[in-house]
Amino acid sequence: MLTSLSIKNYALIDNLQVDFNDGFSIITGETGAGKSILLGGLSLILGKRADLSSLKDTSQKCVIEAVFNISNYNLKTLFETEDLDYETQTIIRREILPSGKSRAFVNDTPVNLNSLQRLGSHLIDIHSQHQTLQLTSNDFQFQVIDALAHNHELLQSYNAEFKKQKELQKELQELLNFQAEAVKEQDYNSFLLNELIEANLIDGEQQALEEEYETLNNIESIKEKLSESYQLLNDEQIGLLTTLTTLKNNFQNLVGFSSKYQDLFERVNSSLIELDDVFSEVDVLQESLEANPGRLEEVDSKLKTLHSLMQKHVAADVSELIQIKNDLDKKVEVTQNLDEVIQKKNAEITLKVKELKVISKKISEKRSKIIPGLKAQLEAILTNLGMPNAQFSIELRYGDTFFNNGQDELSFLFSANKGGHFNELKKAASGGELSRIMLAIKSILSNYMQLPTIMFDEIDTGVSGEISNKMGDIMLEMSKTMQVFSITHLPQIAAKGHSHFKVYKEDVNEVTQTNLVKLNHDERIVEIAQMLGGIEMSSSAIAHAKELLN
């Protein structure tokens, strides 16, 4: 519910601050006093676009702030979706800067207008004779029926399964599209895959092959170097091993004279051992090394194959070629087994359709049960509102098509006159009749679900005193379960409010301003008396006003 409203520097409003109660609130005022300005300010809170013409003083910014108690509205999920901080006392602020730019905040978090509009639709419903298009919407008509049928949980289950079914259908279509493309590419992919399989790719083998190729391709040079090294190490006259052995023996003899030569002896002996090991390894390498033209040709061919494949597939190394091979393998395998995969997906869809039908059938049955009662309630309320011949024809047709809310098609037809033909609401009902129908529907809905604050903007225009009295009773009854505002010119309705606010104009320093003030009991008597008899109040008008208030 709307608990307070603050408006600064907007149209004819300089600075307005007002608190509201729950229940039924009345707003009255002379024509042109600024009731539309008040609604305009509220519309900005709900996400309406603004411009510089909204500013009273174009050198100052306009600020409109509203506080809502949303503890009963179950809006936590919406706040999470919009990435907003949830507060039971939620503050919405709208600012229009002198530059023309507009900013909006929810609990001090900046939001865009789309987000503000989505939130605003759950907070206030401003209703006038010119805002009845919602009533003619098939979606809204279903919402009314489902609220009365208590279909909320069933619809949640249906929506979850319907979402899964659409995802399965999407996956199936992707498979069919892939199959169509894959069939075209099957031969080429198979050729590429076989080519990579025949290459017998091994991760890391490229470096080993390149080293083997260098060895085989330079074997004579390697043999020559190894032979020369062998001679340097083992020559009987000048070989390193012979020389180092002599050096070792010298230091071994010196150790007998003094222990200080022991370290030198050990170091030389260690070097001799290491060099002897090198000699052994050179000997083994020399013995194992032999020319192998056949193997050289084989390695050369494998390397050429690898380089060609890497160039063909734009791969940096063999590991990338292996990944490409694996991807091709999957494509070819999927293509070969695609019929089976598609068959399984179709089976999943068939099962999901069966589950959806079970839920949608329950939804449809519950809708069908409440339609006669809804029809009777609407016609009874409209009879009290001066439309005794109003009739509805509400029909459900359970079909094969899955919609967002089930498998029903809804025909919500209306006839205002006895013996008249049934037609769509927007064609069969006038603006005033649509307003009364909406009032009837909202009054019924208020008994079944928590509705946002509703503001009726002169929907009583053009109706008689007796009918307006009945309209007031309906709004008063609605206010037992929700916050209701009525902007009215009719004293019969004004007298039924729990709270009464007056919009008025006054000149301050030769500048016209619009204000809103809450009336006490005596002020209400004066206001209603003036609504009955004009500015020059008669004693009978005052007496009548007191009677209405009592």
Side-chain angles (χ1 to χ4, degrees), residues 163-227 229 278 281-353:
K163 183 180 179 182
K164 292 176 186 174
Q165 191 256 354
K166 287 197 291 186
E167 288 172 355
L168 288 172
Q169 287 285 6
K170 182 182 177 183
E171 290 168 7
L172 174 62
Q173 190 57 53
E174 287 173 353
L175 282 171
L176 292 171
N177 293 340
F178 179 77
Q179 185 184 46
E181 290 298 318
V183 168
K184 297 177 187 176
E185 298 176 5
Q186 172 72 0
D187 291 341
Y188 183 58
N189 285 339
S190 296
F191 168 76
L192 292 176
L193 178 61
N194 290 330
E195 196 175 42
L196 290 169
I197 291 173
E198 289 172 3
N200 192 25
L201 302 171
I202 301 171
D203 195 10
E205 72 170 339
Q206 184 181 355
Q207 183 178 352
L209 287 170
E210 287 173 347
E211 288 180 2
E212 187 179 0
Y213 176 82
E214 287 300 319
T215 299
L216 291 170
N217 197 41
N218 296 282
I219 197 160
E220 294 304 325
S221 176
I222 295 170
K223 276 185 175 183
E224 182 183 334
K225 296 297 181 187
L226 286 174
S227 177
S229 300
V278 170
E281 194 165 336
V282 169
D283 190 34
V284 170
L285 288 171
Q286 192 173 222
E287 289 295 325
S288 66
L289 200 64
E290 62 180 57
N292 190 340
R295 178 58 183 166
L296 176 61
E297 186 178 346
E298 184 182 331
V299 171
D300 183 49
S301 175
K302 184 66 182 286
L303 282 171
K304 285 179 179 176
T305 299
L306 290 178
H307 290 145
S308 174
L309 288 171
M310 284 188 286
Q311 187 175 18
K312 184 174 187 176
H313 293 279
V314 195
D317 51 35
V318 174
S319 64
E320 285 192 20
L321 282 177
I322 291 172
Q323 183 59 51
I324 291 167
K325 179 181 80 72
N326 292 338
D327 291 342
L328 283 168
D329 192 33
K330 288 177 184 176
K331 284 184 180 180
V332 171
E333 183 183 359
V334 168
T335 304
Q336 290 171 344
N337 301 322
L338 212 49
D339 286 338
E340 183 181 347
V341 175
I342 289 172
Q343 189 175 354
K344 286 181 179 178
K345 191 63 67 177
N346 272 317
E348 287 182 63
I349 292 172
T350 300
L351 181 62
K352 188 59 63 182
V353 165

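Remark: K345 engages E348 in a salt bridge, criterion side-chain N to carboxylate O under 4.0 Å.
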* Take H313 and L192 through the test side-chain contact (heavy atoms from CB on, under 4.5 Å) and record every step on the way to the result. => CA-CA 10 Å; H313 293 279; L192 292 176; 4.0 Å; yes

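Inter-residue side-chain proximity for Q173 and Q169 is flagged as unmet; no heavy-atom pair is nearer than 4.5 Å. Two residues are said to be in side-chain contact when any heavy atoms from C-beta on lie closer than 4.5 Å; V314 and E320 fail this criterion. Counting only heavy atoms from C-beta outward, the side chains of Q179 and L175 never approach each other to under 4.5 Å. The shortest distance between side-chain heavy atoms of K352 and I349 does not fall below 4.5 Å.
The one candidate from L309, D329, L196 that meets the side-chain contact (heavy atoms from CB on, under 4.5 Å) condition with I324 is L196.
A distance-only check finds a donor-acceptor pair linking the side chain of T350 to the backbone of N346 [under 3.5 Å].
Remark: K312 NZ is packed, more than 12 non-hydrogen atoms of other residues, nucleotides or ligands lying under 6.0 Å away.
Taking CG from L176 and CD1 from I342, the interatomic distance works out to 4.5 Å, rounded to the nearest 0.5 Å. The distance from the CG atom of L351 to the CD atom of Q165 is 11.5 Å, given to the nearest 0.5 Å.
With 3.5 Å as the limit, one finds a donor-acceptor pair spanning the side chains of D327 and Q323.
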